[in-house]
Amino acid sequence: MCGIAGFFAHDGNAVGTDADAMLNRMLSSMLHRGPDGRGAWLDRRGSAGLAHARLAIIDTSTAGAQPMATADGRYVISFNGEIYNYRSLRAELRAKGCHFTSDSDTEVILQLLQSDGPAGLSRLRGMFALALWDCEAQRGLLARDGLGIKPLYYAMTSFGLVFASELRTLLASAAVRLELDPASVFGYFATGSVPEPDTLVQGVKMLAPGQFLAWSGGRSETGTFWKLAFPETGACDAGVAVARTRAALEESVAAHLVSDVPVGLFLSGGIDSNAILALVAVAGASAGMAAFSIGVDEPGFDEAALAAAAAASFGVRHHVLRLDAVRAQDSLSDFIAAMDVPSVDGFNTWTVSRLARSHGYKVVLSGLGGDEMFGGYPSFAQVPKMSAAAHAMARVPRLARAMGALTQRLPLSPRMQRASDLLRPGVDMSDAYRAYRGIFSVTDAARLAAHYTGRSESEIRRDIPGREELASVPPADRVSYLEITRYMRNQLLRDSDVMSMSHGLELRLPLVDQGLFDALAGIPSSLRLRAGKQMLLDAVPEIPDQVKNAPKRGFSFPLQTWLQQEMGPEFRNAAAGMPVKATQWYQLWSMMALGRWLEARSIAPKGTIGGSPG
């Protein structure tokens, strides 16, 4: 687990003597991701450079240092992530005559790609973002894992392709100009995060999950090695489905325990993290493990007691950090400094990651992903209802137009304002999902984007990318698909990576795993998405009863209350002078996060209050 950065140049002469300086700037900006080692490599022709900051997890010796080259020096790699099936792949490669000088998964990837090229990417089980350079053919390769756990940013510049694990590292190269992308600012205020593959910076993209980018002769070409897809399913016996789920969960948890350093666990009072805890115990790995939780004094939010009881029942040491509005306010500046891109989430992960690292842990497991795969969110019931209501209203267009005009004059709640967007013609389930999950209405998000970028509202794209994707997804699986590819990918995974790595901590996600997904996607949604995550409960009966019977809270803080107390002035100041009114904590947070992010980069909003009519 590390940070990677580098460039593929159009030609050697294009980089000149600035290559070393650029690599060093990029490396310096990501040392928090890898405090155990650092390295930089430059092709002798000046046509490529790789940088690496190392967090040593597998083969902690210097033999696992990066950038790493093959024995003949032809191929060089910089890799961020973990490959959980590296041992079986290494055995196969050895049988073919490959020789290894380390016990690292990095060398396995290096030799696999040397042997099979991009086709080898589909055989990797784990999370990864990587860059490979072929010194002889002068070709480069970028790749990102299928579910998008590890980020990889890139930009085409005047001399070639620049890439990095974090946006701040890409900006540190000085090859990328920081200019806000209006459509992305709109997407941020509409959803709470910037929808991939776009970023807040014009010209900077994220490599899509399951995609590789091949570079040769100054030109790039992308390809896909794995794609998220829910197949059409037939009938399935409930007992068979539970057994299949159990086997897939056990396999994934066991794979995610592979490590040369101790592994901890983020533990709440919820079903997902407790399912992982139970399966860790089944795997015989709970002895010596530590669990980490955050406790708050606000009724309805505190899960520390539940987590402590669950940890005790499995013989796991439990550490809890109590947090209130005062302590949250004291941590806010450090949290903002850790933010690579603005988001309305991440504070919880940043806080519990700091706790785990303070106890000496470099690897932790998290239950992220269970709600998306097993139907744990209220969205699974609410979004289809909202979509059906929108389609019914579309059959009476005159009434829809009249109601739409009326909503413009009424003082509606933020959720009702977003729901009124569904009165527009041509909406689909992705619009209903955005209205349910969103931050601001389409109109207000466009006004805010105009304010920050100086563009007119009519210029700003109002459709969130990817609506056409749903056509190939079975209707019953569409909310699950949207939760995985929108909220989880654009917000939860991105924040989890940045906030854990800001403390030099590797976050592993047994419930976000390609092997697990492939096994579960074939189970009919009528079984897999049963209310209350019943499929997961049936598959892991070892989950403590007090957890099963507890109300769902989610891994969250009472931020609305805190914003009315010590944290209030910071957020009210952020909303001052904005063209729209923010009433909810997440709206105030989105303004504060973007404002502080821009301040740190000495950028002021370009627009006038209210923007231009659109």
Side-chain angles (χ1 to χ4, degrees), residues 1-4 27 30-39 52-66 68 78-84 86-87 102-109 126-130 145 149-151 165-166 253-267 273 276-277 280 283 285-294 311 316-321 334 338 340 346 348-368 493 495-510 512-513:
M1 184 62 60
C2 312
I4 69 170
L27 182 57
M30 62 179 186
L31 291 179
H32 55 277
R33 296 184 67 93
D36 295 336
R38 65 188 73 179
H52 189 268
R54 187 187 186 199
L55 181 64
I57 305 297
I58 293 176
D59 189 352
T60 60
S61 73
T62 56
Q66 299 184 52
M68 181 182 289
S78 187
F79 154 67
N80 168 34
E82 297 291 354
I83 305 303
Y84 305 121
Y86 80 98
R87 289 171 178 164
S102 76
D103 292 323
S104 70
D105 52 349
T106 305
E107 190 176 10
V108 172
I109 302 172
M127 52 182 179
F128 60 87
L130 62 85
D145 67 76
I149 301 172
K150 304 315 299 179
S165 294
E166 294 187 4
V253 169
H256 284 73
L257 288 170
V258 173
S259 174
D260 291 335
V261 299
V263 178
L265 171 68
F266 287 168
L267 185 64
S273 60
I276 292 174
L277 175 60
V280 167
S286 58
M289 175 175 272
F292 304 94
S293 306
I294 301 296
V316 169
R317 287 177 291 116
H318 183 244
H319 302 283
V320 61
L321 173 67
D334 289 340
D340 183 44
N348 47 5
T349 304
W350 182 85
T351 304
V352 73
S353 294
R354 181 175 61 175
L355 174 65
R357 200 66 170 96
S358 72
H359 285 274
Y361 277 76
K362 295 201 292 185
V363 180
V364 290
L365 307 180
S366 164
L368 193 160
L493 291 181
D495 290 339
S496 293
D497 171 81
V498 170
M499 294 308 164
S500 61
M501 292 303 291
S502 70
H503 298 289
L505 183 75
E506 173 175 304
L507 189 59
R508 295 184 176 182
L509 310 172
V512 185
D513 176 80

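This one's a predicted model, so the numbers in the text were calculated from it and none came from an experiment.
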Enquirer: Hey, what's the ring geometry for H359 with F292, parallel, tilted or perpendicular (30° and 60° as the breaks)?
Expert: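 Plane angle between 30° and 60°, so tilted.
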
Enquirer: Considering only heavy atoms from C-beta outward, does the side chain of L355 approach that of T351 to under 4.5 Å?
Expert: no

Enquirer: Quick one, V498 and W350 - any side-chain contact, counting heavy atoms below 4.5 Å?
Expert: no

Enquirer: Check for a donor-acceptor pair, side chain of S500 on one end and backbone N or O of D497 on the other, with a separation under 3.5 Å.
Expert: yes

Enquirer: If you look at every heavy atom in G64 and S104, which pair is closest and at what distance?
Expert: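 Reported closest heavy-atom pair: CA-CB, 4.2 Å.
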
Enquirer: Ignoring hydrogens and geometry, is there a side-chain-to-backbone donor-acceptor pair from N80 to C2 under 3.5 Å?
Expert: yes

Enquirer: Might you confirm whether atom CZ of R354 has over 12 heavy atoms from other residues, nucleotides or ligands at distances under 6.0 Å?
Expert: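 Atom CZ in R354 is packed in, count exceeds 12.
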
Enquirer: Can you tell me how far CD1 of I109 sits from CG of L130, rounded to the nearest 0.5 angstrom?
Expert: 6.0 Å

Enquirer: If you take all heavy atoms of V364 and A356, which pair is closest and at what distance?
Expert: CG1-CB, 4.0 Å

Enquirer: Work out which heavy atom in S102 is nearest to a heavy atom in M68; give both atom names and the distance.
Expert: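 S102 and M68 have their closest heavy atoms at OG-CE, 4.4 Å.
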
Enquirer: State, to 0.1 Å, how close A53 and L27 come at their nearest heavy-atom pair, and which atoms those are.
Expert: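 Nearest heavy atoms, A53 then L27: N-CD1, 4.0 Å.
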
Enquirer: Which value, rounded to the nearest 0.5 Å, describes the distance between I58 atom CD1 and D103 atom CG?
Expert: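 Rounded to the nearest 0.5 Å, the CD1-CG separation comes out at 10.0 Å.
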
Enquirer: For a quick test of reading the model, state the closest non-hydrogen atom pair linking L267 to S273 and the distance between them.
Expert: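 Nearest heavy atoms, L267 then S273: CD1-OG, 3.7 Å.
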
Enquirer: Between K362 and A56, is there a donor-acceptor pair closer than 3.5 Å when you use the side chain of the first and the backbone of the second?
Expert: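 Here the side-chain-to-backbone pair exists.
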
Enquirer: Are M499 and L505 close enough that some pair of their side-chain heavy atoms sits under 4.5 Å apart?
Expert: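 Heavy-atom side-chain distance check fails, nothing below 4.5 Å.
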
Enquirer: Kindly write out the residues that satisfy salt bridge (Lys or Arg N to Asp or Glu O under 4.0 Å) with E166, not counting sequence neighbours, or none if the list is empty.
Expert: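 Expected list: R33, R168.
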
Enquirer: Which heavy atom of L257 sits nearest to which heavy atom of A283, and what is that distance?
Expert: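 So the two residues come closest at CD1-CB, 4.1 Å.
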
Enquirer: Just jot down the side-chain hydrogen bond (donor to acceptor under 3.5 Å, both in side chains) partners of S78, sequence neighbours excluded, or say none.
Expert: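 side-chain hydrogen bond (donor to acceptor under 3.5 Å, both in side chains) check on S78 returns nothing, list empty.
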
Enquirer: Kindly determine whether V316 and L265 satisfy side chain to side chain contact (heavy atoms under 4.5 Å, CB included), including the steps that lead there.
Expert: CA-CA 10 Å; V316 169; L265 171 68; over 6 Å; no

Enquirer: Any side-chain to backbone donor/acceptor pair from S259 onto P262? Under 3.5 Å, distance only.
Expert: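 No, S259 side chain to P262 backbone: no donor-acceptor pair under 3.5 Å.
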
Enquirer: Please tell me if the side chains of R508 and Y84 come closer than 4.5 Å, counting only heavy atoms from C-beta onward.
Expert: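 SC-SC contact between R508 and Y84 confirmed.
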
Enquirer: Can you tell if the side chain of L55 reaches within under 4.5 Å of the side chain of P35, non-hydrogen atoms only?
Expert: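 Side chain of L55 against side chain of P35, heavy atoms only: contact under 4.5 Å found.
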
Enquirer: Is there a side chain to side chain contact (heavy atoms under 4.5 Å, CB included) between V108 and I83 once you walk through the steps?
Expert: CA-CA 9 Å; V108 172; I83 305 303; 5.9 Å; no

Enquirer: Report yes if some heavy atom in the side chain of V263 is under 4.5 Å from a heavy atom in the side chain of L365; otherwise report no.
Expert: yes

Enquirer: Regarding H318 and S293, is there a side-chain donor-to-acceptor distance under 3.5 Å anywhere?
Expert: yes

Enquirer: Nearest 0.5 Å, please: how far is CD1 in I4 from CZ in R54?
Expert: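 Going from the CZ atom of R54 to the CD1 atom of I4 covers 15.0 Å.
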
Enquirer: Going by an N to O cut-off under 4.0 Å, is there a salt bridge joining D105 and R87?
Expert: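 No, this pair does not count.
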
Enquirer: Quick one: does any side-chain atom of H52 pair with a main-chain N or O of F79 as donor and acceptor, under 3.5 Å?
Expert: yes

Enquirer: Begin with the C-alpha distance, continue with both residues' side-chain angles, and end with the deciding distance and a verdict on side chain to side chain contact (heavy atoms under 4.5 Å, CB included) for I294 and L321.
Expert: CA-CA 5 Å; I294 301 296; L321 173 67; 3.8 Å; yes

Enquirer: Would the distance check show the side chain of S353 and the main-chain N or O of H503 forming a donor-acceptor pair, the cut-off being under 3.5 Å?
Expert: no

Enquirer: So, do L507 and L368 sit near enough that their side-chain heavy atoms are less than 4.5 Å apart?
Expert: no

Enquirer: Using 0.5 Å steps for rounding, measure from the CZ atom of F266 to the CG atom of L509.
Expert: 10.0 Å

Enquirer: Could I get the full list of side-chain hydrogen bond (donor to acceptor under 3.5 Å, both in side chains) partners for S502, not counting sequence neighbours?
Expert: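 Applying side-chain hydrogen bond (donor to acceptor under 3.5 Å, both in side chains) to S502 gives none.
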
Enquirer: Under 3.5 Å, is there a donor-acceptor pair between the side chain of R357 and the main chain of G504?
Expert: yes

Enquirer: Is it the case that Q66 and T106 place a side-chain donor and acceptor less than 3.5 Å from each other?
Expert: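 Q66 vs T106: donor-acceptor pair found between side chains.
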
Enquirer: Flag the pair E506 / M127 as yes when at least one side-chain heavy-atom distance between them is below 4.5 Å, and no otherwise.
Expert: yes

